[in-house]
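Counting begins at 1 with the first residue of the sequence.
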Amino acid sequence: MIKLIGVLIVLIGFIFKIETLFVVVLAGVSTGLVAGLSIQEILTILGQSFVDNRMVSLFVLTLPVIGVLERNGLRQRAVELIGRMQSLTTGRITLFYVFVRFIAGAMSIRISGHPQFVRPLIQPMAKAAAVSKYGDVESEDDNIKALSAAAENYGNFFGQNLFAGSAGVLLITSTLSSFNYNVTAVDVAVASIIMAVLAFVVTAVQFMLYDRKLLRKFGKKGEN
């Protein structure tokens, strides 16, 4: 039972909100020691595990990159760009992002979603479009954030199966095949295209209605 000490250490660490990485490493080292492994063997196992699963942690590298870009004015430049393009609206920007998400999904390109793309770029650009047309729109901040997040969710959910080799398509294909349905990955991807088109139409209606809501609420800039 002493070999389960690692589980106890993890539980204690989470209860007292101790640094997660420290708790996990400490639990691993403690488990190795009580199991009779030497420090060198433990470090070898930890290093090998990290190397074998290094692709899983690559997304972490994008976070400091986004932070550096934001610190050096990424959001401000995006806002200024949108402010100079009077034809753009909040709904059109978010709808265009849904389209980009679909294209990226069809080409199996991962954009990384909310923290790396929506928060630093799409949401500020969507708000800047509203500000350039109506002036002060602080009362709509939460709604614009929700609309930007919805664009990511719609684009990711309905666009991820547009690529025949994606994990979702392969899972669907294997599941249907196990129930004796004669389908291929291409068949699933084609069906996903139909759903993506319908989703895009519904999304376009929703986002255009939101543009009309802003127009009714604030009117043109400078009228109030």
Side-chain angles (χ1 to χ4, degrees), residues 1-75 78 97 100-124 145 148-179 184-185 188-189 192:
M1 293 296 294
I2 190 62
K3 295 179 182 179
L4 297 178
I5 189 174
V7 177
L8 177 62
I9 292 175
V10 170
L11 289 175
I12 294 175
F14 287 170
I15 290 173
F16 291 97
K17 299 181 179 180
I18 304 173
E19 175 63 35
T20 303
L21 182 60
F22 171 76
V23 172
V24 172
V25 173
L26 179 61
V29 172
S30 301
T31 302
L33 291 175
V34 297
L37 299 177
S38 66
I39 292 296
Q40 182 177 355
E41 290 174 319
I42 295 172
L43 294 178
T44 298
I45 293 173
L46 290 175
Q48 188 62 48
S49 298
F50 175 79
V51 171
D52 292 342
N53 299 279
R54 62 188 181 278
M55 296 299 294
V56 177
S57 59
L58 282 180
F59 79 95
V60 177
L61 298 177
T62 63
L63 299 180
V65 171
I66 293 297
V68 171
L69 290 175
E70 284 197 38
R71 184 180 180 85
N72 287 276
L74 174 65
R75 298 182 62 163
Y97 178 65
V100 170
R101 227 22 185 116
F102 283 171
I103 297 300
M107 300 177 65
S108 192
I109 299 174
R110 307 307 298 174
I111 296 182
S112 297
H114 294 284
Q116 293 95 337
F117 211 86
V118 174
R119 178 186 173 276
L121 279 178
I122 303 304
Q123 185 268 323
K145 290 178 182 178
S148 303
E152 163 62 25
N153 292 339
Y154 296 158
N156 181 44
F157 185 84
F158 291 102
Q160 61 183 330
N161 289 339
L162 296 177
F163 179 62
S166 69
V169 170
L170 298 178
L171 177 61
I172 293 171
T173 302
S174 62
T175 301
L176 291 176
S177 297
S178 67
F179 288 100
T184 65
V188 176
S192 298

Quiz item: Taking only residues two or more places apart in sequence or in another chain, which ones pass side chain to side chain contact (heavy atoms under 4.5 Å, CB included) with Leu4?
Solution: Met1
Quiz item: Which heavy atom in His114 sits nearest to a heavy atom in Ala149, and how many Å separate them?
Solution: CE1-O, 3.4 Å
Quiz item: Just how far is it from atom CZ of Arg101 to atom CG of Asn153, taken to the nearest 0.5 Å?
Solution: 9.5 Å
Quiz item: What closest approach, in Å, do Ala164 and Ala185 show between heavy atoms, and which atom pair accounts for it?
Solution: O-CB, 3.4 Å
Exercise. Find out whether Leu43 and Val29 are in side-chain contact, i.e. whether some heavy atom of one side chain is under 4.5 Å from a heavy atom of the other.
Key: no
Quiz item: Can you name the closest pair of heavy atoms from Phe102 and Tyr154 and give their distance?
Solution: CE2-O, 3.7 Å
Self-check item: ring pair (Phe, Tyr, Trp, His ring centres under 6.0 Å) involving Tyr97 - partner list, sequence neighbours excluded
Solution: Phe117
Self-check item: Listed partners of Ser108 passing side chain to side chain contact (heavy atoms under 4.5 Å, CB included), at least two apart
Solution: Phe163
Quiz prompt | Closest approach of Gly6 to Ala27 (non-hydrogen atoms, all atoms of both residues) | solution = O-CB, 3.4 Å
Just list the side-chain donor-acceptor pairs under 3.5 Å for residues 169-179, sequence neighbours left out, or say none.
{"unit_1": "Thr173", "atom_1": "OG1", "unit_2": "Val169", "atom_2": "O", "d": "2.8"}
{"unit_1": "Ser174", "atom_1": "OG", "unit_2": "Leu170", "atom_2": "O", "d": "3.1"}
{"unit_1": "Ser174", "atom_1": "OG", "unit_2": "Leu171", "atom_2": "O", "d": "2.9"}
{"unit_1": "Thr175", "atom_1": "OG1", "unit_2": "Leu171", "atom_2": "O", "d": "2.8"}
{"unit_1": "Ser177", "atom_1": "OG", "unit_2": "Thr173", "atom_2": "O", "d": "2.8"}
{"unit_1": "Ser178", "atom_1": "OG", "unit_2": "Thr175", "atom_2": "O", "d": "2.5"}

Exercise. Output all residues satisfying side chain to side chain contact (heavy atoms under 4.5 Å, CB included) with Phe157, sequence neighbours left out; order by chain, then residue number.
Key: Gln160
Quiz item: Which pair of non-hydrogen atoms, one from Ile5 and one from Val34, has the smallest distance, and what is that distance?
Solution: CG2-CG2, 4.1 Å
Exercise. Using the side chain to side chain donor-acceptor pair (under 3.5 Å) rule, collect all pairs that involve residues 21-40, keeping only residues at least two apart or in two chains.
Key: Ser38-Glu41
Self-check item: Shortest non-hydrogen contact from Arg119 toward Gln123
Solution: O-OE1, 4.1 Å
Practice problem: Could you tell me the separation between the CZ atom of Phe16 and the CG atom of Leu11, rounded to the nearest 0.5 Å? | Solution: 11.5 Å
Quiz prompt | Rounded distance [0.5 Å steps], CD1 in Ile18 versus CG in Leu26 | solution = 8.5 Å
Quiz item: Going from CG on Asn161 to OG on Ser166, what distance comes out if it is rounded to the nearest 0.5 angstrom?
Solution: 4.5 Å
